[in-house]
Amino acid sequence: MADKERSYDPSAVEEKWQKYWDDNGVNSFTTDELKSAEAPFYNLMMFPYPSAEGLHVGNIYAFTGADVHGRYQRLRGKNVFEPIGFDAFGIHSENFALKVGVHPMDLIPKNVANFTRQLRRIGGMFDWDHTVDTTDPAYYRWTQWVFLQLFKSGLAERKEAPVNWCPSCMTVLANEQVVGGLCERCDTPVEQRKIAQWFFAITKYAQRLLDNLDGIDWSETTTKAQRNWIGRSEGAELAFPLVPGEAGPEPVDAESVRARDEAHTIRVFTTRPDTVFGATFMVLAPEHPAVDLLVTDEEREAVEAYRKEAAATDLVARQKTDKTKTGVFTGGYCRNPATGQAIPVWIADYVLMDYGTGAIMAVPGHDERDFEFAQEFGLAIPRVVAGEGEDADTPLAEAYVGPGRLVNSGRFDGMEKDVAIRAITEWLGERGLGELRVNFRLHDWCISRQRYWGPPIPVIHCDSCGPVAVPEEDLPVVLPRVEDFKPDDSGVSPLARVKEWYEVPCPECGKPARRETDVSDTFLDSGWYFLRYPSTDFDDRPFEEEITKRWLPVSTYIGGNEHAVLHLMYSRFLTMVLHDLGHLEFEEPFSRFRAHGLIIRNGAKMSKSRGNVIVPDPIIESFGADTFRLYLMFLGPFEEGGDYRDEGIEGPRGFLYRLWDAVLGAEEKAPDPDVERKLHQTIEQVTDQIPTLQYNTAVAALMEYLNTVRAGGRTAARAEVEPMVAMVAPFAPHIAEELWESLGHQGSIFDGNPWPEFDPEKARESTVEVAVQVNGKLRATIHVPADAPQDVAEAAAREQENVLRYLEGTTVRKVIHVPNRLLNFVVG
RNA sequence: GCGAGAGUGGCGGAACUGGUAGACGCGCCAGAUUUAGGAUCUGGUGGCCUUCGUGCCGUGGGGGUUCGAGUCCCCCCUUUCGCACCA
């Protein structure tokens, strides 16, 4: 064979096959094919944000892992749809554009072109006829449509919410622009400001988002993160009536309590209603509206000062723990519904306005934070729960949060904590002062951004009609090109400066009205993109019914765990909403999700500041995409990531060179039985491990097999190497195509249905090695026929000198036999 | 602090339901080839030893269960990631 002399030239091979794939549409679907695919497999990966730096190895790692999965499914006969796109709206692009002084509308196409080049170069099986770019009006037209669906069904509402505000730059800042409480640009301390923003009512779906987690096949780390984020907690809401005028104990009387102004009742959420007898004071969030009702003239000044200070602290720093508790007394009192005592009401920033009711009953004896606060301000700390060996008078050196019986709790004394939770809530409930309640940590999703680089929110504000939806037929509301897109001191989006854009007639009454000038969150762009991919051929609807029915939900979604909560939660939420509105038949978008690990380099995290970032282009240039892909998949378990060591790439590189030589030098001859046995063992392992993403061990198995094929410098038989080419194809698709062709096949290997069939008979070993132990210590290994019974193995073992030495002068009490593995003599 | 995960040779990492620890690869050592280097090929490579023996020790540390523990149980240490006053 003349081929024998041909040496492996990765760049030539890769260029040839990338061109072949493009020219022959090997990886693309036509609309008809999408409608009629018999074995659809939707292989999705998280689309990248096209940065100016180009693809990061982290991206390549993720995409390669996903691509291996997709290519494997295709080799097994599935119709694999593997799209890619660009998540190009958002603050990253906007900030970068501001920094380099280039308009994002000019910048993004360049970045996208560069990403596209790189993505082709790594040999992903992407359908380039079905890409998505979130900044394309043809795409965000439907992002706006999604907004309208929520708006029309009452799931989008406008309410006031705090934002980070830099008083020096006079602009709204995103959380990531606040560094250590300071504006990242000018180092001025950041404040909060309240502005009206759009929210999606994801909290209405909290329970369903939680319950559905049981029915989907996701990485456990991811579902756990979601559960945590949803943060369901069971407890009670209790009512504490305000005490007007003078403080002091008054008899509790149900009638007079009810008669008192209902509005003058402070509700608290607690998971420990059993400790209500120990609630000796109350704490409100500084922003709580009841503060105005409560504050006395003497305290007004201090309270106002504290509120001001809390407001001036930015949203990020406000949440820092381990600082000592601060707070001030309002001068007002409310009544503990259980004891009837008037208790003082304080405000403190450790109580958050946006969780529960923004107010807590403070039980210093049994809550660590309340204990700390009470100590700081010299408040009483009574005990109402007694643990093992404690009684009502046992002093408290710290908050006791363990199990126990109630004490100092009137008629509930002696009751177990868990029983008391229900009993006390019911008792208070009889007077309308308490009910069991479930609370979630999940917050509504604020989708407003006072920015330029995003899709305009499709709403028109009319003085007579209020906020009105832009009619669907008027979509998209195109983002105008604004040269000066820098956020300014207005506190609203730069679009608010473009009069000719925002001045429009009201769609309902026709009077002059004003467009919403905020744009929407990038997570809204990425919250539904997977629905769009297969339907990009349709410009009259977001997703075509027949195709959507055939291809969704997504078969496998692979991505980073940094999106475990936000992106994945929002996608699930939007899918549920679209389902409820009748647009989709399913309510969970991703049947199977797997989180990949992170790549580090030489034991250290990669970062620009350390200057140890892997730049992929030169590596691909000198080693080829196949070697790079193979190495990335080999260096560690895909779901855990791995340590990229520069020298390590030599292993996979050598493997492909040896594979090349072995295949091109293969002869037409009968396969060696030992090699064939190893082949089938390899088929079994690789077929088992690729779909479960155990790529590193699958690659190791292929290397081991090639070592067997070449052992002692022997020439391979064609039947020994042909199946190996198919098994290598998911990892190194270009060389696989070339070798497949050299073996005389026509067309792409990925259309050739080449995956080898595992034959257990051929994989079976005739003799096996069995470890012989005496009292659990290895003393010999013997070779016996496979599945040999115990007496055969034992007889063989007793022929071993070393075994006899250890058995001599002892009594064999027991013999443990694990067929084909081990024989253990237990002697005494 | 809470939640999740991880600690195995010089390094990245293997090890099925508890059953021969260190597969595969890097690096290193020796040899072959080569003017030399690189590349390639062959063999070796956990530690210890006046005993070189299928000897002893060995999977972060300490206990335990078992014929047998990297794997199971208890306590502790280290570390990575996420959330961070969530009442």
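Residue numbers start from 1 in every chain, and the chains themselves are labelled A, B, ... in the order their sequence lines are given, proteins ahead of strands.
Comparing the P positions of A32(B) and G38(B) gives a spacing of 15 Å, expressed to the nearest Å. When the C1' atom is used for both G68(B) and U20(B), the distance is 12 Å, rounded to whole Å. When the C1' atom is used for both G27(B) and C11(B), the distance is 7 Å, rounded to whole Å.
Rounded to an integer number of Å, the gap from CZ of Arg441(A) to C1' of C85(B) is 10 Å.
For Tyr806(A), a side-chain nitrogen or oxygen approaches OP1 or OP2 of G55(B) to under 4.0 Å. Phosphate proximity of G12(B) to Asn602(A): absent, as no side-chain N or O sits under 4.0 Å from OP1 or OP2. Regarding contacts with the backbone of G55(B), a side-chain N or O of Asn802(A) is found under 4.0 angstrom from either OP1 or OP2. Phosphate contact (OP1/OP2 of A87(B), side-chain N/O of Ser233(A), threshold under 4.0 Å): present. A sub-4.0 Å separation between OP1 or OP2 of U20(B) and a side-chain N or O of Arg821(A) is present. An OP1 or OP2 oxygen of G55(B) is reached within less than 4.0 angstrom by a side-chain nitrogen or oxygen of Arg779(A). For the pair Lys224(A) and C83(B), the criterion of a side-chain N or O lying under 4.0 Å from OP1 or OP2 is not met.
In this structure, the side chains of Gln207(A) and Phe440(A) come closer than 4.5 Å at one or more pairs of heavy atoms.
Side chain of Glu650(A), nearest nucleotide from A84(B), A87(B), C26(B): C26(B). For Asn824(A), whose side chain is taken as the heavy atoms from C-beta onward, the closest listed nucleotide among G19(B), A87(B), C41(B) is G19(B). Closest approach to the Val351(A) side chain among A87(B), G12(B), A4(B) is made by A87(B) (side chain taken as heavy atoms from C-beta onward). You'll find that the side chain of Asn228(A) is closest to G3(B), out of G3(B), C67(B), C85(B).
Within 4.0 Å (heavy atoms only), Asn439(A) reaches no atom of the nucleic acid at all. The residue Leu635(A) sits close only to the backbone: its heavy atoms come under 4.0 Å of sugar-phosphate atoms, none of a base. Note on Glu368(A): nothing from the nucleic acid sits closer than 4.0 angstrom, heavy atoms only. Arg601(A) comes within contact range of no nucleotide atom at all, as no heavy-atom separation falls under 4.0 Å.
Remark: aromatic rings of Phe373(A) and Phe281(A) are close, center separation under 6.0 Å. Remark: aromatic rings of Trp445(A) and Phe523(A) are distant, center separation not under 6.0 Å.
Pair assignment for G70(B) gives none, since no Watson-Crick or G-U wobble pairing has each distance under 3.5 Å. Here C2(B) sits opposite G82(B) as a Watson-Crick or G-U wobble pair (both hydrogen-bonding atom distances under 3.5 Å). Both distances falling under 3.5 Å, in either a Watson-Crick or a G-U wobble arrangement, place G27(B) opposite U45(B). Look at G7(B): its Watson-Crick or wobble partner, with both distances under 3.5 angstrom, is C77(B).
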What verdict does the ring-ring contact (aromatic ring centres under 6.0 Å, His included) test give for Phe623(A) and Phe628(A), after you've listed the backbone C-alpha separation in whole Å, the side-chain angles of each residue and the deciding distance to 0.1 Å? CA-CA 7 Å; Phe623(A) 292 91; Phe628(A) 192 41; 8.7 Å; no
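With its glycosidic angle more than 90° from 0, G44(B) is assigned anti.
In terms of polar N and O atoms assigned as donor or acceptor, the side chain of Gln773(A) never comes within less than 3.5 Å of the base of U20(B) in a complementary pairing.
The two atoms that bring Val803(A) and Ala780(A) nearest to each other are CG2-CB, 3.7 Å, heavy atoms only.
Closest-nucleotide positions on RNA chain B for Lys777(A) and Ala359(A) were compared, and the one nearer the 5' end corresponds to Lys777(A).
Using modelled atom types, no side-chain atom of Asp367(A) and backbone atom of Ala362(A) make a donor-acceptor pair closer than 3.5 Å.
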